Peer 1: 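This is the structure, below, for whatever I ask next.
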Amino acid sequence: MNERGGKSIRNIEFDVAVVGGGATGLGVAYDAALRGLRTVLFEKSDFASGASSASTKLLHGGVRYLEKAVLELDYGQYKLVKQALRERDLLIRLAPHIAHYLPIVTPVYSAKEKFYYRTGLRTYDAIAGTRPSIRSQSLNAQQTLSALPLLSERLQNKKLFGGVKYFDGQFHDARMAVSIAKSARAAGAVLFNYAEVSDLEFDGKRWEIRVFDGVLDSEYTVRAKTLVNATGPYADRIRLKVSRTHARLKPSKGIHIFTDKLRIHAGFLVPKTADGRVVFCLPWEGKTMIGTTDDFTETMDYRVEEREIEYLLGEVNRYLCEPLSVKDVTGTMAGYRPLVLKSSKTSRSEALIRDHEVEVIKEKKAVHVLGGKWTTFRFMAEDAVNRLFTLLEKPFVKCQTAGRSFHDSIEPETYFRLVSRYRFLGEKTKKHLLRYGKDFEKVLDYARKDDYRLLSAERPYLSGEYEYARKYEWVECENDFYFRRLSVGLTDGVRHAETIPAV
Ligand SMILES: Cc1cc2nc3c(=O)[nH]c(=O)nc-3n(C[C@H](O)[C@H](O)[C@H](O)COP(=O)(O)OP(=O)(O)OC[C@H]3O[C@@H](n4cnc5c(N)ncnc54)[C@H](O)[C@@H]3O)c2cc1C
(Lines give C-alpha, C1' and ligand atoms only; values in the text may rest on other atoms or scores of the structure.)
Protein backbone atom coordinates (compact mmCIF):
# COMPACT_ATOMS: atom_id res chain seq x y z
CA MET A 1 0.00 0.00 0.00
CA ASN A 2 2.54 2.62 1.16
CA GLU A 3 5.07 1.55 -1.42
CA ARG A 4 8.11 3.70 -0.69
CA GLY A 5 11.04 4.74 -2.83
CA GLY A 6 8.88 5.38 -5.89
CA LYS A 7 9.86 2.06 -7.52
CA SER A 8 6.54 1.59 -9.30
CA ILE A 9 6.41 5.14 -10.70
CA ARG A 10 9.90 5.73 -12.05
CA ASN A 11 8.92 4.84 -15.61
CA ILE A 12 5.66 6.77 -15.67
CA GLU A 13 5.45 10.26 -17.14
CA PHE A 14 2.84 12.00 -15.02
CA ASP A 15 0.58 14.79 -16.29
CA VAL A 16 1.08 16.63 -13.04
CA ALA A 17 3.42 16.46 -10.07
CA VAL A 18 2.18 18.24 -6.96
CA VAL A 19 4.72 19.42 -4.39
CA GLY A 20 3.29 19.74 -0.87
CA GLY A 21 0.73 17.61 0.93
CA GLY A 22 -1.24 20.13 2.97
CA ALA A 23 -4.82 21.21 2.24
CA THR A 24 -3.81 22.88 -1.03
CA GLY A 25 -1.68 20.10 -2.52
CA LEU A 26 -4.05 17.32 -1.49
CA GLY A 27 -6.97 19.30 -2.92
CA VAL A 28 -5.12 19.74 -6.22
CA ALA A 29 -4.17 16.03 -6.40
CA TYR A 30 -7.77 14.99 -5.74
CA ASP A 31 -9.24 17.37 -8.29
CA ALA A 32 -6.63 16.55 -10.97
CA ALA A 33 -7.04 12.79 -10.55
CA LEU A 34 -10.84 13.05 -10.74
CA ARG A 35 -10.49 14.91 -14.03
CA GLY A 36 -8.43 12.04 -15.44
CA LEU A 37 -4.93 13.54 -15.10
CA ARG A 38 -2.12 11.16 -14.13
CA THR A 39 -1.18 12.69 -10.79
CA VAL A 40 1.60 12.22 -8.25
CA LEU A 41 2.06 14.16 -4.99
CA PHE A 42 5.12 14.50 -2.77
CA GLU A 43 5.03 15.71 0.83
CA LYS A 44 8.33 16.15 2.61
CA SER A 45 6.99 15.36 6.08
CA ASP A 46 3.59 13.91 7.02
CA PHE A 47 0.41 15.02 5.22
CA ALA A 48 -0.99 18.19 6.84
CA SER A 49 1.98 18.49 9.17
CA GLY A 50 2.38 22.21 8.25
CA ALA A 51 -0.29 24.90 8.54
CA SER A 52 -2.97 22.37 7.70
CA SER A 53 -3.02 20.75 11.15
CA ALA A 54 -2.38 23.99 13.07
CA SER A 55 -5.47 25.96 12.05
CA THR A 56 -8.30 27.24 14.26
CA LYS A 57 -10.31 24.45 12.63
CA LEU A 58 -13.05 26.79 11.45
CA LEU A 59 -14.73 26.65 8.08
CA HIS A 60 -15.69 30.26 7.84
CA GLY A 61 -16.27 33.31 5.73
CA GLY A 62 -14.51 35.39 8.36
CA VAL A 63 -16.70 37.80 10.31
CA ARG A 64 -13.65 40.04 10.64
CA TYR A 65 -13.19 40.25 6.87
CA LEU A 66 -16.86 41.11 6.45
CA GLU A 67 -16.43 44.00 8.89
CA LYS A 68 -13.49 45.18 6.78
CA ALA A 69 -15.52 44.82 3.58
CA VAL A 70 -18.33 46.98 4.97
CA LEU A 71 -16.20 49.61 6.74
CA GLU A 72 -13.82 50.04 3.83
CA LEU A 73 -16.44 49.45 1.08
CA ASP A 74 -14.07 46.77 -0.23
CA TYR A 75 -15.82 44.64 -2.87
CA GLY A 76 -12.83 42.25 -3.04
CA GLN A 77 -13.19 41.41 0.67
CA TYR A 78 -16.94 40.96 0.23
CA LYS A 79 -16.38 38.48 -2.63
CA LEU A 80 -13.85 36.61 -0.49
CA VAL A 81 -16.35 36.24 2.35
CA LYS A 82 -19.12 35.12 0.00
CA GLN A 83 -16.95 32.52 -1.71
CA ALA A 84 -15.69 31.18 1.62
CA LEU A 85 -19.23 30.92 3.02
CA ARG A 86 -20.27 28.93 -0.03
CA GLU A 87 -17.32 26.57 0.47
CA ARG A 88 -18.08 26.30 4.22
CA ASP A 89 -21.58 25.03 3.52
CA LEU A 90 -20.40 22.76 0.73
CA LEU A 91 -17.66 21.10 2.84
CA ILE A 92 -20.06 20.43 5.71
CA ARG A 93 -22.29 18.67 3.17
CA LEU A 94 -19.42 16.75 1.56
CA ALA A 95 -17.74 15.61 4.79
CA PRO A 96 -20.40 15.51 7.53
CA HIS A 97 -18.38 12.96 9.55
CA ILE A 98 -15.61 15.53 10.25
CA ALA A 99 -17.32 18.91 9.80
CA HIS A 100 -20.36 20.49 11.44
CA TYR A 101 -21.89 23.84 12.36
CA LEU A 102 -20.84 25.26 15.72
CA PRO A 103 -22.63 28.02 17.65
CA ILE A 104 -20.28 30.85 18.61
CA VAL A 105 -21.24 33.47 21.18
CA THR A 106 -19.76 36.88 21.71
CA PRO A 107 -20.65 38.97 24.79
CA VAL A 108 -21.61 42.63 24.42
CA TYR A 109 -21.51 45.43 26.98
CA SER A 110 -23.87 48.09 25.56
CA ALA A 111 -26.96 48.39 23.35
CA LYS A 112 -24.85 50.14 20.71
CA GLU A 113 -22.33 47.31 20.61
CA LYS A 114 -25.14 44.78 20.34
CA PHE A 115 -26.74 46.62 17.44
CA TYR A 116 -23.37 46.77 15.64
CA TYR A 117 -22.63 43.01 15.92
CA ARG A 118 -26.23 42.00 15.28
CA THR A 119 -26.30 43.99 12.04
CA GLY A 120 -22.97 42.52 10.94
CA LEU A 121 -24.06 38.95 11.66
CA ARG A 122 -27.40 39.42 9.90
CA THR A 123 -25.41 40.48 6.85
CA TYR A 124 -23.16 37.41 7.28
CA ASP A 125 -26.27 35.17 7.29
CA ALA A 126 -27.74 36.98 4.30
CA ILE A 127 -24.56 36.54 2.25
CA ALA A 128 -24.45 32.83 3.10
CA GLY A 129 -28.19 32.38 2.51
CA THR A 130 -28.25 30.69 5.93
CA ARG A 131 -31.25 28.48 6.73
CA PRO A 132 -33.37 29.56 9.75
CA SER A 133 -32.06 26.91 12.20
CA ILE A 134 -28.51 28.27 12.06
CA ARG A 135 -29.21 31.99 11.71
CA SER A 136 -27.60 34.37 14.19
CA GLN A 137 -29.55 35.36 17.28
CA SER A 138 -29.61 38.09 19.84
CA LEU A 139 -29.16 36.96 23.49
CA ASN A 140 -29.95 38.74 26.74
CA ALA A 141 -27.44 38.72 29.62
CA GLN A 142 -28.95 35.59 31.22
CA GLN A 143 -28.94 33.64 27.93
CA THR A 144 -25.34 34.72 27.30
CA LEU A 145 -24.26 33.46 30.72
CA SER A 146 -26.01 30.13 30.27
CA ALA A 147 -24.31 29.67 26.87
CA LEU A 148 -20.95 30.66 28.38
CA PRO A 149 -21.01 29.85 32.11
CA LEU A 150 -17.32 30.74 32.35
CA LEU A 151 -18.05 34.39 31.61
CA SER A 152 -17.67 37.04 34.27
CA GLU A 153 -20.68 39.39 34.58
CA ARG A 154 -18.38 42.38 34.29
CA LEU A 155 -15.65 43.45 31.90
CA GLN A 156 -13.61 45.95 33.94
CA ASN A 157 -16.25 48.52 34.94
CA LYS A 158 -18.83 47.49 32.32
CA LYS A 159 -21.73 45.16 33.12
CA LEU A 160 -22.66 42.40 30.68
CA PHE A 161 -25.52 43.68 28.49
CA GLY A 162 -26.18 40.54 26.43
CA GLY A 163 -24.64 38.68 23.54
CA VAL A 164 -24.96 37.57 19.97
CA LYS A 165 -24.80 34.02 18.73
CA TYR A 166 -23.92 32.96 15.21
CA PHE A 167 -22.89 29.75 13.47
CA ASP A 168 -19.77 28.85 11.55
CA GLY A 169 -18.27 25.52 10.50
CA GLN A 170 -15.89 23.51 12.66
CA PHE A 171 -13.84 20.60 11.36
CA HIS A 172 -10.94 18.30 12.14
CA ASP A 173 -8.28 19.73 9.84
CA ALA A 174 -5.78 16.86 9.89
CA ARG A 175 -8.54 14.26 9.48
CA MET A 176 -9.99 16.21 6.58
CA ALA A 177 -6.53 16.08 4.98
CA VAL A 178 -6.50 12.27 5.36
CA SER A 179 -10.00 12.10 3.94
CA ILE A 180 -8.95 14.14 0.88
CA ALA A 181 -5.80 12.01 0.50
CA LYS A 182 -7.90 8.83 0.53
CA SER A 183 -10.29 10.39 -1.99
CA ALA A 184 -7.35 11.34 -4.24
CA ARG A 185 -5.94 7.82 -4.00
CA ALA A 186 -9.34 6.33 -4.85
CA ALA A 187 -9.47 8.62 -7.90
CA GLY A 188 -6.09 7.27 -9.09
CA ALA A 189 -3.52 9.72 -7.68
CA VAL A 190 -0.28 8.38 -6.20
CA LEU A 191 0.70 10.10 -2.96
CA PHE A 192 3.89 9.94 -0.92
CA ASN A 193 4.60 11.42 2.49
CA TYR A 194 8.16 11.71 3.80
CA ALA A 195 9.14 12.43 0.19
CA GLU A 196 10.89 15.77 -0.22
CA VAL A 197 11.31 17.38 -3.61
CA SER A 198 15.01 18.14 -3.29
CA ASP A 199 15.62 19.42 -6.80
CA LEU A 200 13.74 20.04 -10.02
CA GLU A 201 14.57 20.92 -13.58
CA PHE A 202 12.50 21.72 -16.67
CA ASP A 203 14.09 20.44 -19.89
CA GLY A 204 11.82 22.44 -22.19
CA LYS A 205 9.19 19.69 -22.38
CA ARG A 206 8.92 18.05 -18.99
CA TRP A 207 9.95 18.30 -15.35
CA GLU A 208 12.61 16.02 -13.88
CA ILE A 209 11.92 15.91 -10.16
CA ARG A 210 14.43 14.64 -7.60
CA VAL A 211 12.72 13.15 -4.59
CA PHE A 212 14.35 12.26 -1.27
CA ASP A 213 12.60 9.44 0.57
CA GLY A 214 13.05 10.23 4.26
CA VAL A 215 12.06 6.76 5.41
CA LEU A 216 14.37 4.79 3.12
CA ASP A 217 17.02 7.50 3.13
CA SER A 218 17.34 7.28 -0.66
CA GLU A 219 16.69 9.45 -3.75
CA TYR A 220 14.90 8.85 -7.03
CA THR A 221 13.77 10.84 -10.07
CA VAL A 222 10.25 11.21 -11.44
CA ARG A 223 9.05 12.88 -14.66
CA ALA A 224 5.95 15.02 -15.11
CA LYS A 225 4.60 17.31 -17.84
CA THR A 226 3.47 20.00 -15.39
CA LEU A 227 4.35 21.05 -11.85
CA VAL A 228 2.12 22.42 -9.11
CA ASN A 229 3.84 24.17 -6.24
CA ALA A 230 1.55 23.80 -3.21
CA THR A 231 4.10 24.24 -0.45
CA GLY A 232 2.09 26.82 1.52
CA PRO A 233 4.32 29.14 3.56
CA TYR A 234 7.40 27.64 1.84
CA ALA A 235 6.12 28.40 -1.69
CA ASP A 236 8.79 31.01 -2.43
CA ARG A 237 11.55 28.40 -2.22
CA ILE A 238 10.19 26.61 -5.29
CA ARG A 239 9.01 29.83 -7.00
CA LEU A 240 12.50 31.25 -6.84
CA LYS A 241 13.95 28.01 -8.21
CA VAL A 242 11.46 27.93 -11.10
CA SER A 243 11.86 31.53 -12.22
CA ARG A 244 13.95 34.59 -11.45
CA THR A 245 11.44 36.61 -9.50
CA HIS A 246 10.67 38.41 -6.24
CA ALA A 247 9.59 36.68 -3.05
CA ARG A 248 5.82 36.96 -2.50
CA LEU A 249 5.19 35.06 0.74
CA LYS A 250 5.16 36.69 4.13
CA PRO A 251 4.30 33.84 6.51
CA SER A 252 2.66 34.79 9.78
CA LYS A 253 2.92 32.62 12.89
CA GLY A 254 -0.18 31.63 14.82
CA ILE A 255 -0.29 29.57 17.99
CA HIS A 256 -3.14 27.87 19.84
CA ILE A 257 -3.31 26.44 23.34
CA PHE A 258 -5.52 23.70 24.82
CA THR A 259 -6.96 23.45 28.30
CA ASP A 260 -9.31 21.23 30.32
CA LYS A 261 -10.35 24.12 32.51
CA LEU A 262 -13.08 25.79 30.44
CA ARG A 263 -15.86 23.35 29.76
CA ILE A 264 -17.78 24.97 26.93
CA HIS A 265 -20.22 23.62 24.36
CA ALA A 266 -20.50 26.78 22.31
CA GLY A 267 -17.58 28.76 20.97
CA PHE A 268 -16.66 32.02 22.66
CA LEU A 269 -15.42 34.88 20.52
CA VAL A 270 -13.33 37.57 22.19
CA PRO A 271 -14.41 40.37 19.86
CA LYS A 272 -11.52 42.77 20.22
CA THR A 273 -8.06 42.10 21.60
CA ALA A 274 -5.71 44.88 22.69
CA ASP A 275 -4.18 44.82 19.17
CA GLY A 276 -7.60 44.94 17.45
CA ARG A 277 -7.91 41.25 16.53
CA VAL A 278 -10.25 38.46 17.63
CA VAL A 279 -9.48 35.38 19.74
CA PHE A 280 -11.59 32.22 19.76
CA CYS A 281 -12.17 29.76 22.61
CA LEU A 282 -13.67 26.68 20.98
CA PRO A 283 -14.71 23.26 22.22
CA TRP A 284 -12.54 20.74 20.39
CA GLU A 285 -11.92 17.05 21.03
CA GLY A 286 -13.10 17.28 24.64
CA LYS A 287 -10.86 20.30 25.40
CA THR A 288 -11.05 24.03 24.88
CA MET A 289 -8.81 25.41 22.18
CA ILE A 290 -7.78 29.07 22.46
CA GLY A 291 -6.24 31.03 19.60
CA THR A 292 -4.77 32.54 17.75
CA THR A 293 -1.85 34.94 17.45
CA ASP A 294 -0.68 36.64 14.23
CA ASP A 295 3.05 37.45 14.21
CA PHE A 296 5.53 38.00 11.43
CA THR A 297 8.82 36.34 12.26
CA GLU A 298 12.13 36.38 10.43
CA THR A 299 12.55 32.59 10.50
CA MET A 300 9.95 29.85 10.76
CA ASP A 301 10.22 28.52 14.29
CA TYR A 302 7.45 26.18 15.46
CA ARG A 303 8.26 26.38 19.17
CA VAL A 304 5.52 27.95 21.28
CA GLU A 305 6.97 30.58 23.59
CA GLU A 306 5.67 31.35 27.05
CA ARG A 307 5.08 35.00 26.06
CA GLU A 308 2.73 33.81 23.27
CA ILE A 309 0.78 31.66 25.73
CA GLU A 310 0.60 34.55 28.18
CA TYR A 311 -0.71 36.86 25.46
CA LEU A 312 -3.65 34.52 24.71
CA LEU A 313 -4.36 33.91 28.40
CA GLY A 314 -4.29 37.65 29.08
CA GLU A 315 -6.84 38.37 26.34
CA VAL A 316 -9.23 35.64 27.48
CA ASN A 317 -8.80 36.12 31.24
CA ARG A 318 -10.30 39.62 31.05
CA TYR A 319 -13.65 37.94 30.38
CA LEU A 320 -13.51 34.97 32.77
CA CYS A 321 -14.77 34.46 36.33
CA GLU A 322 -11.78 32.23 37.03
CA PRO A 323 -8.63 33.22 35.20
CA LEU A 324 -6.47 30.57 33.55
CA SER A 325 -2.77 30.22 34.18
CA VAL A 326 0.09 28.72 32.18
CA LYS A 327 -0.10 25.53 34.23
CA ASP A 328 -3.69 24.95 33.00
CA VAL A 329 -2.37 24.52 29.44
CA THR A 330 -2.30 20.86 28.38
CA GLY A 331 -1.16 21.24 24.79
CA THR A 332 -0.01 23.79 22.22
CA MET A 333 0.40 24.03 18.47
CA ALA A 334 1.98 26.51 16.07
CA GLY A 335 1.75 27.08 12.34
CA TYR A 336 2.48 29.64 9.65
CA ARG A 337 -0.21 31.25 7.52
CA PRO A 338 0.88 31.40 3.89
CA LEU A 339 0.08 35.10 3.44
CA VAL A 340 0.90 36.66 0.08
CA LEU A 341 2.01 40.14 -0.88
CA LYS A 342 -0.40 41.74 -3.35
CA SER A 343 2.16 41.99 -6.12
CA SER A 344 5.72 40.96 -6.65
CA LYS A 345 6.79 44.62 -6.61
CA THR A 346 5.80 45.39 -3.06
CA SER A 347 7.23 44.20 0.21
CA ARG A 348 4.92 46.13 2.52
CA SER A 349 3.10 43.86 4.93
CA GLU A 350 -0.11 45.92 4.77
CA ALA A 351 -0.36 44.90 1.11
CA LEU A 352 -1.01 41.30 2.15
CA ILE A 353 -3.95 39.43 0.75
CA ARG A 354 -5.82 36.69 2.61
CA ASP A 355 -7.20 35.35 -0.65
CA HIS A 356 -5.39 32.87 -2.85
CA GLU A 357 -3.56 33.47 -6.08
CA VAL A 358 -2.66 31.04 -8.85
CA GLU A 359 0.52 32.12 -10.59
CA VAL A 360 1.05 30.42 -13.95
CA ILE A 361 4.53 30.19 -15.52
CA LYS A 362 3.51 29.19 -19.02
CA GLU A 363 6.96 28.67 -20.50
CA LYS A 364 7.89 26.31 -17.65
CA LYS A 365 4.51 24.57 -17.43
CA ALA A 366 4.38 25.37 -13.71
CA VAL A 367 1.65 26.65 -11.43
CA HIS A 368 2.26 28.17 -7.99
CA VAL A 369 -0.75 28.16 -5.66
CA LEU A 370 -0.21 30.93 -3.15
CA GLY A 371 -2.07 31.86 0.04
CA GLY A 372 -5.69 31.02 0.69
CA LYS A 373 -7.20 29.22 3.64
CA TRP A 374 -8.46 25.76 4.57
CA THR A 375 -12.06 26.75 3.97
CA THR A 376 -11.38 27.52 0.32
CA PHE A 377 -8.93 24.69 -0.50
CA ARG A 378 -11.41 23.01 -2.90
CA PHE A 379 -12.05 26.22 -4.82
CA MET A 380 -8.30 26.97 -4.95
CA ALA A 381 -7.62 23.49 -6.31
CA GLU A 382 -10.31 23.93 -8.94
CA ASP A 383 -8.74 27.21 -10.01
CA ALA A 384 -5.26 25.64 -10.22
CA VAL A 385 -6.33 22.48 -12.08
CA ASN A 386 -8.36 24.54 -14.60
CA ARG A 387 -5.06 26.15 -15.65
CA LEU A 388 -3.29 22.81 -16.09
CA PHE A 389 -5.41 21.87 -19.09
CA THR A 390 -4.05 24.83 -21.07
CA LEU A 391 -0.47 23.95 -20.11
CA LEU A 392 -1.04 20.29 -21.04
CA GLU A 393 -2.85 21.26 -24.25
CA LYS A 394 -5.53 18.74 -23.36
CA PRO A 395 -9.30 19.12 -23.87
CA PHE A 396 -10.79 20.79 -20.80
CA VAL A 397 -12.57 18.55 -18.27
CA LYS A 398 -14.90 20.22 -15.76
CA CYS A 399 -14.15 20.11 -12.03
CA GLN A 400 -16.09 17.41 -10.19
CA THR A 401 -15.16 17.93 -6.54
CA ALA A 402 -18.15 20.13 -5.65
CA GLY A 403 -20.65 17.43 -6.44
CA ARG A 404 -18.95 14.45 -4.85
CA SER A 405 -18.71 13.42 -1.18
CA PHE A 406 -15.29 12.42 0.08
CA HIS A 407 -14.27 8.78 -0.24
CA ASP A 408 -15.07 7.96 3.42
CA SER A 409 -17.99 10.37 3.99
CA ILE A 410 -21.05 9.17 5.85
CA GLU A 411 -23.98 10.98 7.46
CA PRO A 412 -23.56 10.83 11.26
CA GLU A 413 -27.13 9.44 11.69
CA THR A 414 -26.33 6.55 9.34
CA TYR A 415 -23.00 5.94 11.07
CA PHE A 416 -24.52 5.85 14.58
CA ARG A 417 -27.21 3.43 13.35
CA LEU A 418 -24.55 1.12 11.92
CA VAL A 419 -22.14 1.33 14.86
CA SER A 420 -24.92 0.63 17.37
CA ARG A 421 -24.65 -3.05 16.32
CA TYR A 422 -21.28 -3.16 18.10
CA ARG A 423 -22.84 -3.12 21.55
CA PHE A 424 -19.63 -4.04 23.35
CA LEU A 425 -17.93 -0.81 22.24
CA GLY A 426 -18.03 2.06 24.75
CA GLU A 427 -20.03 5.16 23.80
CA LYS A 428 -16.88 7.31 23.64
CA THR A 429 -15.20 4.84 21.31
CA LYS A 430 -18.27 4.83 19.04
CA LYS A 431 -18.22 8.61 18.93
CA HIS A 432 -14.50 8.66 18.25
CA LEU A 433 -14.69 6.15 15.37
CA LEU A 434 -17.00 8.50 13.44
CA ARG A 435 -13.84 10.29 12.24
CA TYR A 436 -13.08 7.27 10.01
CA GLY A 437 -16.44 7.73 8.31
CA LYS A 438 -17.49 4.80 6.16
CA ASP A 439 -14.14 3.12 6.82
CA PHE A 440 -14.92 2.49 10.50
CA GLU A 441 -15.70 -1.19 9.88
CA LYS A 442 -12.26 -1.67 8.31
CA VAL A 443 -10.78 -0.19 11.49
CA LEU A 444 -12.87 -2.60 13.55
CA ASP A 445 -11.51 -5.51 11.47
CA TYR A 446 -8.06 -4.58 12.77
CA ALA A 447 -9.35 -4.02 16.31
CA ARG A 448 -10.96 -7.47 16.32
CA LYS A 449 -7.53 -9.08 15.99
CA ASP A 450 -6.64 -8.11 19.56
CA ASP A 451 -10.11 -8.37 20.97
CA TYR A 452 -10.96 -4.64 20.65
CA ARG A 453 -8.33 -3.72 23.24
CA LEU A 454 -8.16 -0.02 24.16
CA LEU A 455 -4.80 1.72 23.83
CA SER A 456 -5.25 3.00 27.39
CA ALA A 457 -8.05 2.82 29.96
CA GLU A 458 -8.47 6.64 29.96
CA ARG A 459 -8.90 7.06 26.21
CA PRO A 460 -11.42 5.73 23.71
CA TYR A 461 -8.85 4.68 21.08
CA LEU A 462 -8.58 1.06 19.99
CA SER A 463 -5.11 -0.40 19.60
CA GLY A 464 -6.09 -1.77 16.16
CA GLU A 465 -6.38 1.81 14.88
CA TYR A 466 -2.62 2.12 14.72
CA GLU A 467 -2.23 -0.91 12.44
CA TYR A 468 -5.12 0.30 10.30
CA ALA A 469 -3.56 3.76 10.02
CA ARG A 470 -0.18 2.28 9.06
CA LYS A 471 -1.82 0.27 6.32
CA TYR A 472 -4.39 2.74 4.93
CA GLU A 473 -3.53 6.21 6.21
CA TRP A 474 0.18 6.58 5.40
CA VAL A 475 1.25 6.49 9.07
CA GLU A 476 5.02 6.04 9.35
CA CYS A 477 5.61 6.78 13.04
CA GLU A 478 3.78 7.31 16.32
CA ASN A 479 3.83 11.10 15.90
CA ASP A 480 1.84 10.83 12.64
CA PHE A 481 -0.71 8.76 14.50
CA TYR A 482 -0.99 10.76 17.71
CA PHE A 483 -0.70 14.28 16.26
CA ARG A 484 -2.65 14.01 13.00
CA ARG A 485 -4.74 10.79 12.70
CA LEU A 486 -5.85 11.28 16.33
CA SER A 487 -5.24 14.66 17.95
CA VAL A 488 -4.19 13.76 21.45
CA GLY A 489 -0.62 14.80 20.62
CA LEU A 490 -1.82 18.37 20.13
CA THR A 491 -4.39 18.60 22.90
CA ASP A 492 -2.20 16.85 25.50
CA GLY A 493 1.27 17.37 24.10
CA VAL A 494 2.51 19.29 27.14
CA ARG A 495 1.92 16.20 29.24
CA HIS A 496 2.95 13.97 26.40
CA ALA A 497 4.75 11.23 28.35
CA GLU A 498 2.03 10.61 30.94
CA THR A 499 -1.04 10.88 28.73
CA ILE A 500 -0.09 9.38 25.41
CA PRO A 501 0.01 5.61 25.51
CA ALA A 502 2.66 3.64 23.63
CA VAL A 503 1.33 1.72 20.63
C1 LIG B 1 -2.69 29.69 13.19
C2 LIG B 1 -3.50 29.44 11.96
C3 LIG B 1 -4.89 29.41 12.04
C4 LIG B 1 -5.64 29.18 10.88
N5 LIG B 1 -6.99 29.05 10.99
C6 LIG B 1 -7.73 28.77 9.89
C7 LIG B 1 -9.12 28.52 10.02
O8 LIG B 1 -9.69 28.48 11.12
N9 LIG B 1 -9.80 28.29 8.89
C10 LIG B 1 -9.22 28.29 7.65
O11 LIG B 1 -9.93 28.12 6.67
N12 LIG B 1 -7.90 28.48 7.52
C13 LIG B 1 -7.14 28.70 8.60
N14 LIG B 1 -5.79 28.85 8.50
C15 LIG B 1 -5.17 28.82 7.17
C16 LIG B 1 -4.93 27.38 6.72
O17 LIG B 1 -4.52 26.56 7.76
C18 LIG B 1 -3.88 27.38 5.63
O19 LIG B 1 -4.19 28.34 4.66
C20 LIG B 1 -3.80 26.05 4.91
O21 LIG B 1 -3.67 25.01 5.83
C22 LIG B 1 -2.58 26.09 3.98
O23 LIG B 1 -2.45 24.84 3.39
P24 LIG B 1 -1.23 24.59 2.42
O25 LIG B 1 -1.38 23.22 1.90
O26 LIG B 1 -1.16 25.69 1.43
O27 LIG B 1 0.06 24.74 3.35
P28 LIG B 1 0.66 23.66 4.37
O29 LIG B 1 -0.38 22.98 5.15
O30 LIG B 1 1.73 24.34 5.15
O31 LIG B 1 1.29 22.59 3.40
C32 LIG B 1 2.45 22.81 2.65
C33 LIG B 1 3.23 21.51 2.69
O34 LIG B 1 4.31 21.57 1.77
C35 LIG B 1 5.32 20.72 2.27
N36 LIG B 1 6.58 21.02 1.59
C37 LIG B 1 7.32 22.15 1.66
N38 LIG B 1 8.41 22.03 0.88
C39 LIG B 1 8.35 20.80 0.30
C40 LIG B 1 9.20 20.09 -0.61
N41 LIG B 1 10.32 20.64 -1.07
N42 LIG B 1 8.85 18.84 -1.00
C43 LIG B 1 7.70 18.27 -0.55
N44 LIG B 1 6.87 18.91 0.33
C45 LIG B 1 7.19 20.16 0.73
C46 LIG B 1 5.33 21.04 3.77
O47 LIG B 1 5.93 20.00 4.52
C48 LIG B 1 3.85 21.22 4.06
O49 LIG B 1 3.24 20.06 4.60
C50 LIG B 1 -5.00 29.03 9.64
C51 LIG B 1 -3.60 29.04 9.57
C52 LIG B 1 -2.86 29.21 10.72
C53 LIG B 1 -1.36 29.15 10.65
Side-chain angles (χ1 to χ4, degrees), residues 17-29 40-62 64-65 80 84-85 87-88 91 99 102 104 168-171 173-174 176-177 180 191-200 209-214 227-239 241 249 251-257 267 278-280 282 284 289-295 300 302 304 308 312 332-340 354-356 368-381 384 484:
V18 183
V19 193
T24 310
L26 292 167
V28 168
V40 65
L41 178 145
F42 301 106
E43 161 54 49
K44 77 171 175 193
S45 177
D46 187 22
F47 298 128
S49 54
S52 299
S53 57
S55 81
T56 311
K57 296 146 196 2
L58 287 176
L59 297 171
H60 61 160
R64 213 154 39 106
Y65 308 136
L80 188 63
L85 284 172
E87 291 295 315
R88 173 194 78 176
L91 286 175
L102 177 78
I104 299 175
D168 246 331
Q170 187 181 42
F171 74 122
D173 48 7
M176 191 169 284
I180 303 164
L191 302 100
F192 294 93
N193 56 355
Y194 296 100
E196 177 172 6
V197 170
S198 53
D199 204 3
L200 21 83
I209 298 157
R210 261 333 253 164
V211 182
F212 173 72
D213 186 311
L227 180 87
V228 175
N229 170 12
T231 52
Y234 302 95
D236 271 335
R237 294 189 186 166
I238 289 186
R239 278 184 74 244
K241 251 186 198 170
L249 269 289
S252 142
K253 184 179 181 187
I255 73 138
H256 290 85
I257 55 179
V278 297
V279 167
F280 287 98
L282 303 169
W284 199 71
M289 180 176 81
I290 304 175
T292 174
T293 54
D294 198 353
D295 289 322
M300 285 200 236
Y302 288 82
V304 173
E308 294 173 298
L312 287 179
T332 61
M333 65 183 186
Y336 282 85
R337 296 172 188 85
L339 300 183
V340 197
R354 302 230 167 200
D355 200 352
H356 80 275
H368 307 290
V369 192
L370 309 175
K373 55 184 188 169
W374 241 120
T375 310
T376 49
F377 86 91
R378 194 211 59 80
F379 178 67
M380 289 158 64
R484 286 168 293 275

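In what follows, residues are counted from 1 in the order of the sequence shown. Atoms within a ligand are numbered from 1 in the order they appear, just like the ligands themselves. Model, not experiment: these values are computed from the prediction.
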Peer 1: Can you tell me how far CG of D295 sits from NZ of K253, rounded to the nearest 0.5 angstrom?
Peer 2: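 One gets 7.5 Å once the value is rounded to the nearest 0.5 Å.
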
Peer 1: Between ligand 1 and A195, can you find any atom pair, the residue atom being a heavy atom, that is separated by under 4.0 Å?
Peer 2: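 Per 4.0 Å heavy-atom rule, A195 contacts ligand 1.
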
Peer 1: Could you tell me whether some N/O pair between G372 and ligand 1 is separated by less than 3.5 angstrom?
Peer 2: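 There is such a contact, yes.
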
Peer 1: Tell me, please, whether F280 has K57 positioned over its six-membered ring: NZ or CZ under 6.0 Å from the ring centre and within 45 degrees of its axis?
Peer 2: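 Judged by the rule, K57 and F280 form no cation-pi pair.
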
Peer 1: Is the Y336 to Y302 ring centre distance short of 6.0 Å?
Peer 2: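 Here the rings of Y302 and Y336 have centres that are less than 6.0 Å from each other.
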
Peer 1: Considering only heavy atoms from C-beta outward, does the side chain of Q170 approach that of L282 to under 4.5 Å?
Peer 2: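 When only atoms from C-beta onward are counted, L282 and Q170 do touch, with a gap below 4.5 Å.
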
Peer 1: Would you tell me which option among G22, S52, A174 has the nearest heavy-atom contact to atom 22 (C) of ligand 1?
Peer 2: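 Considering heavy atoms of G22, S52, A174, the nearest to atom 22 (C) of ligand 1 sits in S52.
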
Peer 1: For atom 8 (O) of ligand 1, tell me which residue out of L58, N193, D173 has the closest non-hydrogen atom.
Peer 2: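 It is L58 that holds the nearest heavy atom.
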
Peer 1: Run down the list F377, W374, F280 and name the one with the heavy atom closest to atom 12 (N) of ligand 1.
Peer 2: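 Answer by nearest heavy atom: W374.
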
Peer 1: May I ask whether H256 has any heavy atom positioned less than 4.0 angstrom from an atom of ligand 1?
Peer 2: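 In this structure, H256 qualifies as a contact of ligand 1 - some heavy atom is under 4.0 Å.
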
Peer 1: Do any heavy atoms of H60 fall under 4.0 Å from ligand 1?
Peer 2: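 Contact present.
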
Peer 1: Under 6.0 Å between ring centres, would you say that holds for F377 and H356?
Peer 2: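 Aromatic pair excluded; centres sit 6.0 Å or further apart.
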
